[in-house]
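A quick write-up on the structure given underneath.
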Amino acid sequence: QELPEAVLLKFFRPENTPVPARPTPEQLSNLIKTSLHYPESFSHSFNQKSLCLVPVTLLLSNCSQAVVDVMIDLRHKPISSEALEIHGSFTWLGQTQYKLQLKGQEVYSLQLKACFVHTGVYNLGTPRVFAKLVDQVTLFETSQQNSMPALIIINNI
């Protein structure tokens, strides 16, 4: 018995049909890449001045082509006592929340100041960054993936 000849199937889609591109939760948590720029160690005379201020730059990069709403929250503190023992506690000076909008592929530099009251090793990687696509109707922004700990050593002169 002869087999029927193979017929090629052709799939087509009308050009004017919009395809809704709903980003996955993983894509939404990778909209913004963050990096902290600061000195590895900082020397300060605590005897002359009790507060040590260190300039820190938070670099935000929009990894998507879309316009993204970004919210930065500096009020987050390490919860575990172990983290406090290892890294100690410090304070961000000035504004504690920022809301901004980044265009597709835009890089934004945010100038921050970290305040220390004694020597030690600290983790500057505490800012929490949330983002959502501008045209996305959602109540909550998606938390962005946090990078590795950002350790700084504060020395006394």
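Remember, it's a predicted structure, so these values are computed and weren't measured experimentally.
Hydrophobic clustering places Val68 together with Leu100 (ILVMFWY residues linked when any side-chain heavy atoms are closer than 4.5 Å, directly or through intermediates).
Looking only at side-chain heavy atoms (C-beta outward), Ser41 and Asn155 come within less than 4.5 Å of each other. Put simply, the side chain of Leu60 reaches to within 4.5 Å of the side chain of Ile32, judged on heavy atoms. Contact annotation: the side chain of Ile152 never approaches that of Val121 to less than 4.5 Å [non-hydrogen atoms, C-beta and beyond]. A heavy-atom distance below 4.5 Å is found between the side chains of Val67 and Gln101. Contact check for Thr57 versus Leu112: no side-chain heavy atoms found under the 4.5 Å cut-off.
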From CA spacing to verdict: side chain to side chain contact (heavy atoms under 4.5 Å, CB included), Trp92, Leu124 | CA-CA 9 Å; Trp92 291 107; Leu124 294 176; 4.3 Å; yes
Given side-chain hydrogen bond (donor to acceptor under 3.5 Å, both in side chains), test Asn62 with Glu106 step by step and report yes or no.
-> CA-CA 5 Å; Asn62 183 351; Glu106 184 180 353; over 6 Å; no
After noting the C-alpha distance and the side-chain angles of Leu36 and Val56, does the key distance pass the side chain to side chain contact (heavy atoms under 4.5 Å, CB included) rule?
-> CA-CA 7 Å; Leu36 286 167; Val56 177; 3.7 Å; yes
Going through the distances and angles, do Leu74 and Tyr98 end up as a side chain to side chain contact (heavy atoms under 4.5 Å, CB included)?
-> CA-CA 9 Å; Leu74 300 177; Tyr98 296 84; 3.9 Å; yes
Under the side chain to side chain contact (heavy atoms under 4.5 Å, CB included) rule, what do Leu110 and Ile72 come out as? Steps first, then yes or no, please.
-> CA-CA 10 Å; Leu110 187 61; Ile72 299 120; 4.1 Å; yes
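How far CZ of Arg128 is from CZ of Arg75: 8.0 Å, rounded to the nearest 0.5 Å. Here the CD1-OG1 distance, from Ile154 to Thr119, works out to 9.0 Å after rounding to the nearest 0.5 Å. In this structure, the separation between OG on Ser45 and CD1 on Ile157 is 6.0 Å, given to the nearest 0.5 Å. Atom OG of Ser64 sits about 6.0 Å away from atom CG of Leu133, to the nearest 0.5 Å. To the nearest 0.5 Å, atom CG of residue Asn156 and atom SG of residue Cys52 are 9.5 Å apart. Interatomic distance, Lys113 NZ to Leu51 CG, rounded to the nearest 0.5 Å: 12.5 Å.
A centroid separation of less than 6.0 Å is found between the aromatic rings of Phe46 and His44.
Contact between Gly125 and Ala150 at its shortest, heavy atoms only, is N-CB, 3.8 Å. The shortest non-hydrogen separation linking Pro39 to Pro55 is CD-O, 4.0 Å.
The aromatic rings of Phe90 and Tyr122 lie perpendicular to each other, with more than 60° between the two planes, well past the 30° mark.
Side-chain atoms of Tyr38 come within 3.5 Å of backbone atoms of Leu151 as a donor-acceptor pair (strictly under, hydrogens ignored). Within the 3.5 Å criterion, the main-chain N or O of Val134 finds no donor-acceptor partner in the side chain of Asp69. Distance alone, capped at 3.5 Å, places no donor-acceptor pair between the Ser61 side chain and the Cys63 backbone.
Thr34 and Gln144 share no side-chain donor-acceptor pair at under 3.5 Å.
By the neighbour-count criterion of 12 heavy atoms within 6.0 Å, atom CD of Gln111 is densely surrounded, having more than that number from other residues, nucleotides or ligands. Other residues, nucleotides and ligands contribute at most 12 non-hydrogen atoms within 6.0 Å of the CD atom of Glu40.
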